[in-house]
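As C-alpha cells, the structure follows; a few thoughts come after it.
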Amino acid sequence: MDQSVKTAGPSRRGLFGAAAGLAASSAAGVAAQPSLSTAQGGGHVDMRLNVNGKDRALSVDVRTSLLDALREHLDLTGSKKGCDQGQCGACTVLIDEARVLACLTLAVAAQGRRITTIEGLAGPDGALHPMQQAFIDHDAFQCGYCTPGQILSAVACVAEGHATTDADIQDHMSGNLCRCGAYPKIVLAIKQARGQMRVG
C-alpha cells in the first residue's frame, strides 16, 4: 500500500486537540454557574427511608444511590454491589414489594415507600422466609455473593405470578446473574417456595 496516500477523516492528534478544547470550554461554563453543592446547600439532603419496617433518618448527597445509602450509611450490607451498572442483579431489593435495582435508584426517590432488603425478609421471630429456607434446602448458591439479590428477585417472581413453569422462572429471573452457575438449583428452590408463600 502506498504510504503517501492518506485516508480521509480526523487524525488522533486532531481528536485530542478538539477534546481538550471542549474540556476547557466546559470548565469555563462550570465556573460561571453555581455548582450543585452550592445550589443545594452542600449537595446533601435530609431524608427518611422506611427500610425493613423501620424509619431510618440519614443525610446524604442528593446523587447517592439507594444501594450506597443502604450499605454505607445504614450498615445494611446484605445488598451487594456487583457491576454497579444495573446488569447483574446483585443489588436487587424490594420497594413496595416490587423488585428494584438499588444501584440505579436514587435514595431520594425511595422516600415514602417500603424498602425490603435481605436483612428484613425473615420473620420477627427470626424464622426464615420460605424462599430463604428453600435456597438452603436446595443448596441454590455457591459463593453466595449474588444470593441476596437472587432471593429477593425470586420472592417478587412468585408474587408476580411468574413462577408457574421452569421456563417462566428462568425468563423472569434472567436479570439476576450467578457466576457460579447455580441456576438449576435456584429454579428448584423457587418451585419449593412458591407452594409455601401466601400470594395476593
Side-chain angles (χ1 to χ4, degrees), residues 49-54 56 64-107 110 113-200:
L49 295 179
N50 184 281
V51 184
N52 299 327
K54 296 180 180 178
R56 305 285 299 272
T64 301
S65 70
L66 177 58
L67 178 61
D68 285 340
L70 292 171
R71 291 181 56 83
E72 307 298 333
H73 298 274
L74 298 180
D75 294 323
L76 294 170
T77 57
S79 303
K80 303 304 182 189
K81 181 174 283 196
C83 66
D84 208 24
Q85 297 178 353
Q87 296 179 5
C88 72
C91 66
T92 303
V93 299
L94 303 181
I95 296 184
D96 294 336
E97 300 182 6
R99 47 184 149 176
V100 169
L101 297 172
C103 75
L104 296 184
T105 304
L106 289 175
R113 304 175 71 184
R114 292 176 292 112
I115 303 163
T116 304
T117 69
I118 193 68
E119 291 92 343
L121 203 56
D125 60 351
L128 293 179
H129 185 280
M131 193 65 73
Q132 291 174 304
Q133 188 61 56
F135 265 65
I136 293 172
D137 293 346
H138 290 278
D139 195 22
F141 49 86
Q142 288 186 40
C143 78
Y145 195 83
C146 73
T147 304
Q150 294 276 5
I151 289 175
L152 287 165
S153 191
V155 168
C157 181
V158 173
E160 294 161 2
H162 295 144
T164 53
T165 66
D166 288 12
D168 204 21
I169 292 170
Q170 291 164 0
D171 184 38
H172 287 89
M173 289 292 293
S174 61
N176 290 79
L177 304 182
C178 173
R179 293 185 182 273
C180 300
Y183 299 115
K185 294 183 178 181
I186 290 171
V187 171
L188 290 174
I190 293 172
K191 289 165 66 176
Q192 174 180 308
R194 73 184 175 195
Q196 301 167 346
M197 289 173 58
R198 288 182 295 178
V199 179

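For the atom pair Arg56 CZ and Leu74 CG, the distance stands at 4.5 Å (nearest 0.5 Å). Here the CG atom belonging to Asp168 is positioned 12.0 Å from the CE atom belonging to Met173, to the nearest 0.5 angstrom. Expressed to the nearest 0.5 Å, how far OG1 of Thr92 lies from CG of Asn176 amounts to 4.5 Å. If you take CG on Leu67 and CG on Leu76, they are separated by 11.0 Å, rounding to the nearest 0.5 Å. Interatomic distance, Leu121 CG to Leu94 CG, rounded to the nearest 0.5 Å: 7.5 Å. Of the inter-residue distances, the one linking Leu104 atom CG with Asp84 atom CG reads 8.0 Å to the nearest 0.5 angstrom.
In this structure the side chain of Tyr183 reaches within 4.5 angstrom of the side chain of Leu177, judged on heavy atoms. In this structure, Ile151 and His129 have side chains that are not in contact, with every pair of non-hydrogen atoms separated by 4.5 Å or more. By the 4.5 Å heavy-atom criterion applied to side chains, Leu66 and Leu49 are counted as neighbours. Between Asn52 and Thr116, some side-chain heavy-atom pair lies under the 4.5 Å cut-off. Between Cys178 and Gln150, some side-chain heavy-atom pair lies under the 4.5 Å cut-off. In this structure, Leu128 and Ile136 have side chains that are in contact, with non-hydrogen atoms separated by less than 4.5 Å. Using a 4.5 Å heavy-atom threshold, the side chains of Lys80 and Cys146 count as separate.
Within the structure, every pair that satisfies the salt bridge (charged side-chain N to carboxylate O under 4.0 Å, His left out) test and touches residues 134-157, not counting sequence neighbours, is listed here: Asp139-Lys185. Sorted by first and then second residue, the salt bridge (charged side-chain N to carboxylate O under 4.0 Å, His left out) pairs involving residues 143-156 (not counting sequence neighbours) form an empty list. The list of salt bridge (charged side-chain N to carboxylate O under 4.0 Å, His left out) pairs with a residue in residues 86-103, not counting sequence neighbours, reads Asp96-Arg113, Asp96-Arg114, Glu97-Arg114, Arg99-Glu160.
Side-chain N or O atoms of Gln142 include none that pairs as donor or acceptor with a backbone N or O of Ala182 at under 3.5 Å.
Of all heavy-atom pairs between Val158 and Met131, the closest is CG2-CE, 3.8 Å. Minimum interatomic distance between Gln170 and Val187 (heavy atoms only, all atoms of both residues): CG-CG2, 4.0 Å. When all heavy atoms are compared, the tightest approach of Met197 to Pro130 is CG-CB, 4.2 Å. Taking all atoms of both residues into account, the shortest heavy-atom contact from Phe135 to Ala154 is CE1-CB, 4.4 Å. Shown here for Cys180 and Cys143, the closest heavy-atom pair between the two residues is SG-N, 3.5 Å. Taking all atoms of both residues into account, the shortest heavy-atom contact from Gly89 to Leu101 is CA-CD2, 3.9 Å.
Applying the side chain to side chain contact (heavy atoms under 4.5 Å, CB included) criterion to Gln87, with sequence neighbours excluded, gives Cys83, Gln85. Taking the ring-ring contact (aromatic ring centres under 6.0 Å, His included) definition, one finds that His172 meets it with His162, sequence neighbours left out. In this view, Ala134 and Ala189, Gln192, Ala193 satisfy the side chain to side chain contact (heavy atoms under 4.5 Å, CB included) rule, not counting sequence neighbours.
Between the side chains of Thr64 and Asp68, not a single donor N or O lies within less than 3.5 Å of an accepting N or O.
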